[in-house]
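Reviewing the structure listed below.
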Number of protein chains: 4
Amino acid sequence: MVKKDKPKYKQIIDAAVIVIAENGYHQAQVSKIAKQAGVADGTIYLYFKNKEDILISVFEEKMGVFVSELEKIIAKDASAADQLGMMINSHFSLLASDLHLAIVTQLELRQSNHDIRMKINNVLRGYLKLMDRILVSGIETGEFDQNMDIRLARQMVFGTMDETITTWVMNDHKYDLVELAPKVQRLLLKGMQA
Amino acid sequence: MVKKDKPKYKQIIDAAVIVIAENGYHQAQVSKIAKQAGVADGTIYLYFKNKEDILISVFEEKMGVFVSELEKIIAKDASAADQLGMMINSHFSLLASDLHLAIVTQLELRQSNHDIRMKINNVLRGYLKLMDRILVSGIETGEFDQNMDIRLARQMVFGTMDETITTWVMNDHKYDLVELAPKVQRLLLKGMQA
Amino acid sequence: MVKKDKPKYKQIIDAAVIVIAENGYHQAQVSKIAKQAGVADGTIYLYFKNKEDILISVFEEKMGVFVSELEKIIAKDASAADQLGMMINSHFSLLASDLHLAIVTQLELRQSNHDIRMKINNVLRGYLKLMDRILVSGIETGEFDQNMDIRLARQMVFGTMDETITTWVMNDHKYDLVELAPKVQRLLLKGMQA
Amino acid sequence: MVKKDKPKYKQIIDAAVIVIAENGYHQAQVSKIAKQAGVADGTIYLYFKNKEDILISVFEEKMGVFVSELEKIIAKDASAADQLGMMINSHFSLLASDLHLAIVTQLELRQSNHDIRMKINNVLRGYLKLMDRILVSGIETGEFDQNMDIRLARQMVFGTMDETITTWVMNDHKYDLVELAPKVQRLLLKGMQA
DNA sequence: GATGAATGAGGCTTCATTCAT
DNA sequence: TATGAATGAAGCCTCATTCAT
């Protein structure tokens, strides 16, 4: 049984999300995370190399859910347009159902230093690669514009989703994010369709 | 003559951009900015209330150029589609011509804490309001989709531009950003047109 | 059967010597010693009161060999000058044959704190008392200077041996330490002879 | 005016000696040294790179006095035997007149880690080189044994002095160290003379 | 006897800001 | 105005020791 499977590992990850969301990135001291997790400060270091390791693991663990959801969607026998819609819906739903996580990924984790951000980007890259597969298949089936620049399209898709979610978080989740998904889908589809 | 018109004010602002771009947000100490500006540490505090004030002023001063450029574009007698294109072009050009500024706005300043980011967003809001005017006029003239959600459309426009620029910065400006402007314009227009 | 006779006791002592020699005093954590000894961390505390107790015991156990060798030499029917020579030779030989031990006694154990060093000195005192007996017998037989200050002479003898060995250890045992013994003996004898 | 000439530099060095002597090496926290020096913790770092730098500087500054005294002695037109005596006397006197310093150099500073000890040894080496010059000149003038091994002789001289002083310090300076100097000189001279 | 997961105290260092000159 | 020496609060991490199994 490796560390990641032990209950305290996930306990600390979840505590970190809560502490960061409620106190902000720069006020998320290790001692606060330990307290929230119900363990001693030193115990943290039995499961994580250092504070940076906690933050990256938070992103890895949580992003893992996004990736596996997206993999399920891609495995489905559906049109690229529908897959795009399911992806947006899945992405929005996951964050709307965990407000702490939304704050952490959209606002707080972006305050981390260069090193951490680079490592977070590596994790994100896996997600973006999956996203590309939907776009490529859409082009192949003729659903999407043959001349579309994949990278640019992916930046539009991700940028729009990201901006939409960030605005929603910054407005204190005053409105329903998931309801926006179909609209976002339509907007993006129009931009990409053949 | 107010502080903002004195030469040392701009001198410190410019020094801050360089120091942040070259050292990263978290390594941009006040003393480094002072040294780069050629003044003593204490002198900074004759022109700025505190470090936060420097950072927000950097954004205000530099954003001012974006805003006035956009105002000129809106004042022109052109179609909404053309204005959108000119805006993207202007936005891309301003950042492509000042790599330090691009690094600072796309990467480094986003590491600032919650308070500073909120204040930066207030400044940004003015720019987004102007952007909305292009979208509204496009809808009114029938160029853009009547049923389009303005906020969503603006998030798509800004999110796409932002993601495109950030990717370009992170790839060390290896390709020509301004060349991408027409492609981005076409992609966004397709998504919004009637 | 007392603790000291149990196999794990000596096992831990020997592990401590190796770990301290190879990692340095300040990097010789209890957990490393336990690992080297092939026991669990907690097991250490079944044989030793605390870490300090391990270190003092290391010195006691190893010094015991020096003492018993010296006792054999003193029991011999030889001149004081010869006994001095045999002592130097024995002292040098024991350390030359156990490089780990030489590093530990000459360099690493001296980094220990005040308390431990005082306790180590108590152990050392027994050895120095034996050394004094050679000097006293040399004075009585007329071999050594009648007016010689015993304490000073002992400090010269021990100080010279110690400095010689430490220099040898610090030079990575590049030359043969035991070969130096007769020269050291002659030098010291000249200083002490009648 | 360089840092070393500023009054606070020496103030901190002297404070460090007192704090280390009175509290022991491992209880000599930077904050204690700052308090003893009458400055804020942060001020220490305007004069020293880090804690290690303080400790090495203590040794350098204090050793500097020993070196310059020894240089004066070597410059004198005296026999090697007399110079040896003057050196021992000077060395003993300097430590006997500053009990704090004696504790620090003979006991506490030896607890420092490998890095610091190596740097301290570099400083010490300069002193030992000067010592060698007395021995060499004694051999050249025929005062000392032509066949004497210089390194061994130096180890005897330094080892004897060091052991004598350490014993004196450990016995809480109960007797007069300087009074021992002539006796030590005679003992060592006998060992080295032709 | 043996284990090893858990504990928690403790200190070096940075850097925004002040204020006497 | 301008200076820059001085301030002092605040947090990550290590590791000897314990104790439930």
Side-chain angles (χ1 to χ4, degrees), chain A residues 1 3 6-9 12 26-35 37-55, chain B residues 3 6-8 12 26-35 37-55, chain C residues 3 6-8 12 26-35 37-55, chain D residues 1 3 6-9 12 26-35 37-55:
Chain A
M1 180 165 163
K3 277 188 179 161
K6 293 186 181 168
K8 288 209 173 141
Y9 179 83
I12 292 166
H26 292 290
Q27 282 306 306
Q29 294 86 349
V30 171
S31 61
K32 261 185 203 152
I33 296 174
K35 196 170 196 178
V39 300
D41 292 19
T43 304
I44 299 268
Y45 292 88
L46 297 176
Y47 295 90
F48 299 91
K49 203 152 52 68
N50 48 35
K51 190 179 176 181
E52 179 175 323
D53 190 24
I54 307 174
L55 303 174
Chain B
K3 279 185 177 166
K6 295 187 180 169
K8 282 192 181 162
I12 293 166
H26 292 289
Q27 282 306 306
Q29 293 87 352
V30 171
S31 62
K32 256 185 206 154
I33 296 174
K35 194 171 196 178
V39 300
D41 294 18
T43 305
I44 298 269
Y45 291 86
L46 297 175
Y47 295 90
F48 299 90
K49 199 153 54 72
N50 49 32
K51 189 178 179 182
E52 181 174 322
D53 189 23
I54 307 175
L55 302 174
Chain C
K3 278 184 178 168
K6 296 189 181 167
K8 283 193 181 161
I12 293 166
H26 292 289
Q27 282 305 307
Q29 293 87 350
V30 171
S31 62
K32 257 186 205 154
I33 296 174
K35 195 171 195 177
V39 301
D41 294 16
T43 305
I44 298 269
Y45 291 87
L46 298 174
Y47 295 90
F48 298 90
K49 200 153 55 70
N50 50 32
K51 189 179 180 182
E52 180 175 321
D53 190 23
I54 308 175
L55 303 174
Chain D
M1 182 165 165
K3 276 188 181 161
K6 293 185 183 170
K8 286 204 175 146
Y9 179 83
I12 292 166
H26 291 290
Q27 281 307 306
Q29 294 87 349
V30 171
S31 61
K32 262 186 202 153
I33 296 174
K35 196 171 195 178
V39 301
D41 293 17
T43 305
I44 298 269
Y45 292 86
L46 297 177
Y47 296 90
F48 300 91
K49 203 153 49 70
N50 49 34
K51 189 179 178 182
E52 178 175 324
D53 191 24
I54 307 175
L55 303 174

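Letters A, B, ... mirror the listed sequences (proteins, then strands); counts begin at 1.
- Taking both residues in full, the closest heavy atoms of D:Y45 and D:K51 are given as OH-N, 4.4 Å, listed atom of the first, atom of the second, then distance.
- Not one side-chain nitrogen or oxygen of C:Y47 sits closer than 4.0 Å to the OP1 or OP2 atom of E:dG1.
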Any chance you could list the contact pattern along nucleotides 15-21 of chain F? Use B for base contacts, S for sugar-phosphate-only contacts and - for none, protein heavy atoms under 4.0 Å, 5' to 3'. SSBB---

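- Spacing between atom CG of D:L55 and atom C1' of E:dC12 amounts to 12 Å, rounded to whole angstrom units.
- The two residues A:I33 and A:A28 have their closest heavy-atom pair at CD1-O, 4.2 Å.
- Rounded to whole angstrom, the span from the CD1 atom of B:I54 across to the P atom of E:dC15 amounts to 14 Å.
- The phosphate of E:dA6 has OP1 or OP2 within less than 4.0 Å of a side-chain N or O from A:K8.
- Evaluation of the side chain to side chain donor-acceptor pair (under 3.5 Å) rule for B:Q27 yields B:Q29 as partners, not counting sequence neighbours.
- Every residue meeting the ring pair (Phe, Tyr, Trp, His ring centres under 6.0 Å) condition with A:Y9, not counting sequence neighbours, appears here in chain and number order: A:F48.
- Taking both residues in full, the closest heavy atoms of C:I44 and C:V30 are given as CG1-CG1, 4.2 Å, listed atom of the first, atom of the second, then distance.
- Protein atom OH of A:Y9 is 17 Å distant from nucleotide atom P of E:dA5, rounded to whole Å.
- The NZ-P distance, from B:K35 to F:dA5, rounds to 12 Å in whole Å.
- Here D:K6 does not reach the OP1 or OP2 of F:dA5: none of its side-chain N or O atoms lies under 4.0 Å away.
- DNA chain F forms stems at E:2-21 with F:2-21, each a run of 3 or more consecutive Watson-Crick or G-U wobble pairs whose two key distances fall under 3.5 Å.
- Between B:K32 and E:dC15, a side-chain N or O to OP1/OP2 separation shorter than 4.0 Å is absent.
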